[in-house]
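Here is how names work: the chains are called A, B, and so on, in the same order as the sequence lines, proteins then strands, and each is numbered from 1. Worth knowing before you read on, the calculation uses all heavy atoms, side chains too, and leaves out hydrogens, waters and symmetry mates. Note that the structure is predicted; figures quoted are calculated from it, not measured.
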Amino acid sequence: MVMRRSEYFIPMLREVPSEAQVVSHQLMLRGGMIRQLTSGIYNWLPLGLRVLRKVENIIREEMDAAGAHEILMPGVQPAELWRETGRDEKYGAELLRFKDRNQRDCVLAPTHEEVVTDIFRKNVRSYKELPLNLYQIQWKFRDEIRPRFGLMRGREFSMKDAYSFDVSREASLAAYDKMFKAYCRIFDRLGLQWRAVVADSGAIGGNYSHEFQVLADTGEDTLLFDPEGDYAVNIEKFDAATAPKPREKLVEKKGIEVGHCFHLGTLYSEKLGANVVLEDGKSVPAVMGCYGIGVSRVVAAAIEQCHDAAGMMWPAEIAPFDVGLMTLRKGDAACEALAAQLYADLQKMGKTVLFNDRDASAGEKFAEMDLLGLPWQAIVGPKNAKEGIVEWKNRQTGEKLMLPAGKVPF
RNA sequence: CGGGGCGUAGCGCAGCCUGGUUAGCGUGCUUCGUUCGGAACGAAGAGGUCGGAGGUUCAAAUCCUCUCGCCCCGACCA
């Protein structure tokens, strides 16, 4: 996949729009990745969408590998279903309600426990069909009191939500562990620094609620963790819980919550009558767990963690393109020829390339590429081009390599 | 919802207090020329219902009323 900058839709901005406060928001706006439509609601432009899709795909692969099955549930749901669980009232104004043409009460889904449990109760009868884990990647709508910080707290956001169904508490906790491990793989693959923190160890017993936090100085949550062990906790929960470690021995860092694993028990299955028949003929409510990842938030969190004064610095796995190719002198025969060759070579190698072929000054192209933050820049200058040399710059380290055409540093 | 701020060209802003020709500046955009390794230079252009409605006035971006939208702080939250 190779894309010419001149033919692509990347409406970049030189200046920071006044509406953007946080760095991820500013850079995504400046890099032409997103545009705000209205408060807390965004358009995803091609470059931003590429990152979103990459994050989705990593999640999808690991969820599939963990035995979960992808489904897709509707955003528009009957309010009736929400009355069954009592969340119609509980959710309050954050739940967007409206009526269809027949005056039926509808809601725009802020989450999908009700619907997935409805699928279960209508389609699963026997313990033989369990364990079952259904997940989707879908846009949620929560009418936040105050949306802010760009993608970090929007009203409409993409979420991967998985729901496990099991015959017993033991089986459900095993499912939880499986998801927990899948989450660890997901966040490792995303190329981000992260911690799983204990979110609540109360009523359920054991640690069966974890938040997954991407570490970033700009994060809103404060985490405490043991530098020598696995223990990590959100400072909000620290005082409430009996801590296994004294405060002084724990390190404090800021984080952005991007995932949450939660053991639900039979809360929803009982209310909605989602039962399975066991071997002995008795019927019991399914034991559930739910597992969310804020997909669109991950994109913003990655920028909050990985950026410098010049712009974004994408981890390789989720970068919108692998390479930013640029010629420093448009019209120079040697440059054009070498760039064309590179362009073809990289394509053959299966690398994705954004070719900045605009007729702009060298400085402007450097600045643009630094802002977009692709992992590698392939720089074709007039002098080096004559000798068939390409300069490779690593965006994260700043390291520069001079390599003959045909060789790539990664 | 309470408190604060802001809506003037794609983006960033001045002008408003103290009403008065064709509403400016920077940047971006278009065209031409010169440049060509860190957001080049010169020249010529295009681009505006001054958020909207009503009012005051000979005259409103500017004053008054209402209204819509966006941002920030707080409560709340993935």
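- Comparing B:rC76, B:rA39, B:rC11 by their closest approach to the side chain of A:Ile145 singles out B:rC76.
- A salt bridge links A:Lys122 with A:Asp118: at least one charged nitrogen is closer than 4.0 Å to a carboxylate oxygen.
- Taking 4.0 angstrom as the limit, A:Arg297 places none of its side-chain polar atoms (N or O) nearer than this to OP1 or OP2 of B:rA78.
- Across the protein-nucleic acid pair, A:Leu223 atom CG and B:rA78 atom C1' stand 15 Å apart, rounded to whole Å.
- Taking a pair to require two hydrogen-bonding distances under 3.5 Å in either a Watson-Crick or a G-U wobble arrangement, B:rC25 pairs with B:rG12.
- For A:Ser209 and A:His263, the side-chain atoms include no donor-acceptor pair closer than 3.5 Å.
- Two residues, A:Glu94 and A:Gly150, neighbour RNA chain B, and the one matched to the more 5' nucleotide by heavy-atom proximity is A:Gly150.
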**Request:** Let me see the working for A:Ile186 and A:Ile293 under side chain to side chain contact (heavy atoms under 4.5 Å, CB included), right down to the final yes or no.
**Result:** CA-CA 10 Å; A:Ile186 288 167; A:Ile293 293 179; 4.0 Å; yes
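- Separation of the C1' atoms belonging to B:rG48 and B:rC36 is 36 Å when rounded to the nearest angstrom.
- Under the 3.5 Å distance criterion, the side-chain polar atoms of A:Arg30 are left unmatched by any main-chain donor or acceptor of A:Met12.
- The partner of B:rC41 is B:rG33, judged by Watson-Crick or G-U wobble contacts that both fall below 3.5 Å.
- Taking the side chain of A:Asn384 as heavy atoms from C-beta on, and the options B:rA39, B:rG37, B:rC76, the nearest nucleotide is B:rG37.
- For B:rC76, neither phosphate oxygen OP1 nor OP2 lies less than 4.0 angstrom from any side-chain nitrogen or oxygen of A:Arg146.
- Minimum heavy-atom separation, A:Met288 to A:Thr117: CE-OG1, 3.3 Å.
- Comparing B:rG37, B:rC77, B:rC72 by their closest approach to the side chain of A:Phe366 singles out B:rG37.
- Using a 4.0 Å heavy-atom distance criterion, A:Gly32 is classed as making no nucleic acid contact.
- No contact: A:Met159 has no heavy atom under 4.0 Å from any strand.
- For the P atom pair drawn from B:rG55 and B:rA46, the interatomic distance equals 35 Å after rounding to whole Å.
- Residue A:Lys160 is classed as having no contact, given no heavy-atom separation below 4.0 Å to the nucleic acid.
- Straight-line distance between the C1' atoms of B:rG69 and B:rG19: roughly 27 Å, to the nearest whole Å.
- Note: CD (A:Glu19) to P (B:rG51) measures 17 Å, nearest angstrom.
- The residue A:Gly381 sits close to a base: some heavy atom pair falls under 4.0 Å.
- Within 4.0 Å of A:Phe149, counting heavy atoms only, lie sugar-phosphate atoms of the nucleic acid but no base atom.
- Distance from the side chain of A:Asp370 is smallest for B:rG38 among the nucleotides B:rG38, B:rG74, B:rA39.
- If A:Arg142 and A:Leu328 are placed on RNA chain B by their nearest nucleotide, the residue sitting closer to the 5' end is A:Leu328.
- Side-chain nitrogen and oxygen atoms of A:Thr111 include none within less than 4.0 Å of the OP1 or OP2 phosphate oxygen of B:rA78.
- Nearest nucleotide to the side chain of A:Glu15, out of B:rG37, B:rC77, B:rU27: B:rU27.
- Put simply, CG on A:Leu13 is 6 Å from C1' on B:rC11, counting in whole angstrom units.
- When each of B:rC11, B:rC72, B:rA39 is scored by its nearest atom to the side-chain atoms of A:Ala367, the top-ranked nucleotide is B:rA39.
- Comparing B:rG5 with B:rA60, their C1' atoms are spaced 24 Å from each other, to the whole Å.
- Base pairing analysis places B:rG69 opposite B:rC6; the two distances defining the Watson-Crick or G-U wobble pair are each below 3.5 Å.
- For B:rG47 and B:rU22, the C1' atoms lie 16 Å apart once the distance is rounded to whole Å.
- When distances are taken from the side chain of A:Ser361 to each of B:rC77, B:rG37, B:rA40, the shortest belongs to B:rA40.
- Residue A:Glu144 is classed as a base contact, given a heavy-atom separation below 4.0 Å to a base.
- Nucleotides B:rG37 and B:rG33 have their C1' atoms positioned 23 Å apart, rounded to a whole Å.
- Using the Watson-Crick or G-U wobble rule with both distances under 3.5 Å, B:rG48 pairs with nothing in any strand shown.
- Protein atom NZ of A:Lys365 is 10 Å distant from nucleotide atom C1' of B:rC36, rounded to whole Å.
- Ring geometry for A:Phe180 against A:Phe212 counts as tilted: the plane angle lies between 30° and 60°, on a 0 to 90° scale.
- Side-chain nitrogen and oxygen atoms of A:Gln36 include at least one within less than 4.0 Å of the OP1 or OP2 phosphate oxygen of B:rC71.
- With distances taken from any side-chain atom of A:Glu364 to the nucleotides B:rA39, B:rC11, B:rA78, the minimum falls on B:rA39.
- Ion pairing of A:Lys351 with A:Asp322 is absent here, as no side-chain N (NZ or NE/NH1/NH2) approaches a carboxylate O to less than 4.0 Å.
- Within the 3.5 Å criterion, the main-chain N or O of A:Gly292 finds no donor-acceptor partner in the side chain of A:Tyr135.
- One interatomic measurement links the two molecules: CZ of A:Arg14 to P of B:rU27, which rounds to 9 Å at whole-angstrom precision.
- Using atom P as the reference point in both B:rG42 and B:rG28, the two lie 12 Å apart (nearest Å).
- At a threshold of 4.0 angstrom between heavy atoms, the contacts of A:Val258 with the nucleic acid are absent.
- If you measure from atom NZ of A:Lys330 to atom P of B:rA39, you get 20 Å, rounded to the nearest angstrom.
- Between B:rG74 and A:Arg148, a contact under 4.0 Å exists linking OP1 or OP2 to a side-chain N or O.
- For A:Thr38 and B:rC70, the shortest distance from a side-chain N or O to OP1 or OP2 is below 4.0 Å.
- Spacing between atom CE of A:Met12 and atom P of B:rU27 amounts to 18 Å, rounded to whole angstrom units.
- Distance A:Arg155 CZ to B:rC71 P: 9 Å, rounded to the nearest Å.
- Under the Watson-Crick or G-U wobble criterion, with both distances below 3.5 Å, B:rC63 is paired with B:rG55.
- Residue A:Ser18 is classed as a sugar-phosphate contact, given heavy-atom separations below 4.0 Å to backbone atoms only.
- Annotation: B:rC13 and B:rA23 have their C1' atoms spaced 14 Å apart (nearest Å).
- Between A:Phe120 and A:Phe165, the ring-plane angle classifies as parallel under the 30° and 60° cut-offs.
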